[in-house]
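The first residue in the sequence is number 1, and the count goes up from there. None of these values were measured; they are calculated from a predicted model.
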Amino acid sequence: MEIQLDRIAGDSFSWTEELAIEASELDHPDLLGLSPVRLAGRLDRSEGQWLMSGRLQLERTLGCVRCLEPTRDEVEATLHLLVEVAPGRATGHGGELEHDDLGLVALAEPILDTRPIVIEQIQLDIPMKPLCRSDCLSLCPQCGAQRNDDARCCEPEIDPRWAGLAALASGGGSPTEH
């Protein structure tokens, strides 16, 4: 949605919208799918700037990094940004960001496009290593089976170089005893 800031009558503006965003737009390998994203937002004018606050709701499907199974979860996130019209300071042009710029959206024109903001917030909320559950056992390295279903699908192979140590650990004595 494009909001024309110079046409807002009064000191505040509220809106709701639903955006269809494809997982491919976020370019994240673990993101498999997104539901339509609901945004309830509000802009409040303050000393020549706008305070943007909003609430995002969506369902996402992520691939577990251990077992590769898709997992679906509901996400509710809030956002708080400062929006200002500053033609010489517009963000998104490859310049270096200062610490104060992290919560700032600087616009070249008084038109606020909410779509890139929503995409950025979704991207920031994706975990670095998504898991289907915290105790995921991953895939079996021998046969590739899902170990969450059967934790003992294959007996681990013992590297022959460690066979002597395995014999000691099992109480079988030293392999070099005379």
Once side-chain contact (heavy atoms from CB on, under 4.5 Å) is applied, do any residues pair with [X], and if so which ones, sequence neighbours excluded?
X: Asp11; value: Arg45
X: Ser53; value: Arg42, His80
X: Pro116; value: Asp113

Minimal non-hydrogen separation, Ile117 against Leu81, with atom names: CG2-CD1, 3.6 Å
For Leu62 against Leu32, the heavy-atom pair lying closest together: C-CD1, 4.0 Å
side-chain hydrogen bond (donor to acceptor under 3.5 Å, both in side chains) partners of residues 18-28, not counting sequence neighbours, each pair once: Glu25-Arg115
Residue pairs, two or more places apart or on separate chains, that pass side-chain hydrogen bond (donor to acceptor under 3.5 Å, both in side chains) and touch residues 55-71: Arg55-Glu76, Gln57-Glu76, Glu59-Arg72, Arg60-Asp73, Arg60-Asp125
4.5 Å side-chain heavy-atom contact, Asp6 and Val85: no
Note, Ile21 side chain near Leu58 side chain (heavy atom, < 4.5 Å): no
Side-chain cluster (under 4.5 Å, hydrophobic types only) that Leu139 belongs to, other residues: Leu68
Transitive ILVMFWY cluster of Ile111, excluding itself - 4.5 Å side-chain cut-off: none
Apply side-chain hydrogen bond (donor to acceptor under 3.5 Å, both in side chains) to [X] and list each qualifying residue two or more places apart in sequence or on a separate chain.
X: Ser138; result: Arg147
X: Arg161; result: Asp159
X: Gln121; result: none

Distance in Å, Gln4 CD paired with Phe13 CZ, rounded so as to fall on 0.5 Å steps: 10.5 Å
Spacing of CE belonging to Met52 relative to CG belonging to Leu82, to within rounding of 0.5 Å: 11.5 Å
Co-membership, hydrophobic cluster, residues Trp15 and Ile8, 4.5 Å side-chain: yes
ILVMFWY network linking Leu51 to Val118, side-chain heavy atoms under 4.5 angstrom: no
Ile122 and its side-chain contact (heavy atoms from CB on, under 4.5 Å) partner, picked from Leu26, Leu19, Val75: Leu26
Candidates Leu104, Ile3, Leu112 - the one meeting side-chain contact (heavy atoms from CB on, under 4.5 Å) with Val83: Leu112
For residues 129-137, dump all side-chain donor-acceptor pairs below 3.5 Å to protein atoms at least two apart in sequence or in another chain.
| from | atom 1 | to | atom 2 | distance (Å) |
| --- | --- | --- | --- | --- |
| Arg133 | NE | Asp135 | OD1 | 2.9 |
| Arg133 | NH2 | Asn148 | OD1 | 3.2 |

